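The next block holds one structure in the form of structure tokens; read it before the comments.
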Amino acid sequence: MKQPTSNLPLRLRKKHGSGERRDVSSADGERLVHAQSFGYGLFAGLIAIVVFSVLWVALSSLTNRVFPWMTVLLGAMLGFAVRQAGRGVDWRFPVLAAALAVLGALLANIIVAASYTAETFDTGTLQILRAVTSMTWPVFFDEVLTAADVFYALLAAGLAAFNRQLTRSQYYALRLWRAKSDGHH
């Protein structure tokens, strides 16, 4: 007769579940898909870019240094914001987060450069941004934006693109729903 594993003295205690599948159905997967909101994900991402830009300008002003690696933090912020607000389970949400990370890195670099220029001329950042002309952009891309900025922006995009992490039961429910919806076509 087989002994129950709970009575064996050298057996490690299980810290995870029993291994049995949870009681989920394709309806649970359908609810996950219908809970997605691309608009909420986009809105949360734009808010994250604004908040990050303000924090980066404040930190740069306090330390009198620009930290180009800060855009990697932007990627983490964006990935989290888009995942939480958008509740995305398909390919659109990682692509949105990655695109917003590249856009946000560029915008944040522009704002930080404008802030430094404003300090130099003893004026406001918004006044500098309003005074930008078509002649300003070549100078910005030649003298301010570096290869390191591009590298960190791409790293931020990769970090932001990590998709929402589902629990095992959520993933199983999503697989059931996809199998059911693929069977109808």
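As the structure is a prediction and not an experimental result, all values here were calculated from the model.
Following chains of ILVMFWY side-chain contacts shorter than 4.5 Å, one cannot reach Val57 starting from Phe121, and the two form parts of different hydrophobic clusters. Phe43 and Tyr40 are not part of a single hydrophobic cluster, where members link through side-chain heavy atoms under 4.5 Å apart. Both Leu78 and Leu59 sit in one connected hydrophobic cluster of ILVMFWY residues. Membership requires side-chain heavy atoms under 4.5 Å apart, directly or through other members. There is a path of hydrophobic side-chain contacts, each under 4.5 Å, that joins Trp69 to Ile111. Note: the hydrophobic cluster containing Val50 does not contain Ile128 (ILVMFWY, side chain heavy atoms under 4.5 Å, direct or indirect links).
Nearest heavy-atom pair across Ala98 and Ala161 is CB-CB, 4.1 Å. For Gly79 against Ala97, the heavy-atom pair with the smallest separation is CA-CB, 4.4 Å. Contact detail for Tyr116 and Ser60: the closest heavy-atom pair is OH-O, 3.4 Å. What you find for Gln36 and Val89 is that their closest heavy atoms are OE1-N, 2.7 Å. Taking each heavy atom of Leu159 and Phe162 in turn, the nearest pair found is O-CD1, 3.4 Å. Nearest approach of Thr125 to Ser115, heavy atoms of both residues: OG1-CA, 3.5 Å.
At least one donor-acceptor pair closer than 3.5 Å links the side chain of Thr136 to the backbone N or O of Thr133. At distances below 3.5 Å, not a single donor-acceptor pair connects side-chain atoms of Asp182 with backbone N or O atoms of Ala179. Checking side-chain atoms of Tyr172 against main-chain N and O of Thr167 turns up no donor-acceptor pair under 3.5 Å. For Asn109 (side chain) and Leu106 (main-chain N/O), no donor-acceptor pair under 3.5 Å exists by modelled atom type.
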Item to check | side chain to side chain contact (heavy atoms under 4.5 Å, CB included) assessment of Tyr171 paired with Arg168 | outcome: CA-CA 5 Å; Tyr171 181 73; Arg168 286 181 183 218; 5.8 Å; no

Next on the checklist: Checking Asp28 against Leu176 for the side chain to side chain contact (heavy atoms under 4.5 Å, CB included) test, could you report, in this order, the C-alpha distance in whole Å, the side-chain angles of both residues, the deciding distance, and whether it holds?
Outcome noted: CA-CA 9 Å; Asp28 296 320; Leu176 287 174; over 6 Å; no

Next on the checklist: Using side chain to side chain contact (heavy atoms under 4.5 Å, CB included), reason through Val33 and Arg178 one step at a time and then give a plain yes or no.
Outcome noted: CA-CA 10 Å; Val33 170; Arg178 286 181 178 156; 5.7 Å; no

Item to check | side chain to side chain contact (heavy atoms under 4.5 Å, CB included) between Trp56 and Thr71, worked out | outcome: CA-CA 9 Å; Trp56 196 14; Thr71 54; 3.9 Å; yes

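Under the 4.5 Å side-chain criterion, counting only non-hydrogen atoms from C-beta, Lys180 is not in contact with Trp177. Side-chain contact between Val112 and Val144 is absent, with no heavy atoms from C-beta onward closer than 4.5 Å.
Annotation for Phe151: atom CZ does not count as buried by contact number, only 12 or fewer foreign heavy atoms lying within 6.0 Å. Heavy atoms of other residues, nucleotides or ligands lying less than 6.0 angstrom from CZ of Arg92 number more than 12.
To the nearest 0.5 Å, the span separating CE on Met70 from CE on Met77 amounts to 9.0 Å. For the atom pair CG of Leu74 and OH of Tyr152, the computed distance is 14.5 Å after rounding to the nearest 0.5 Å. For the atom pair CG (Leu32) and OG (Ser26), the distance works out to 11.5 Å, reported to the nearest 0.5 Å. Here the straight-line distance linking atom CH2 of Trp91 with atom CG of Leu96 works out to 10.5 Å at 0.5 Å rounding. To the nearest 0.5 angstrom, Ser169 atom OG is 11.5 Å from Leu174 atom CG. The CG atom of Leu73 lies 10.0 Å from the CG atom of Leu55; values are rounded to the nearest 0.5 Å.
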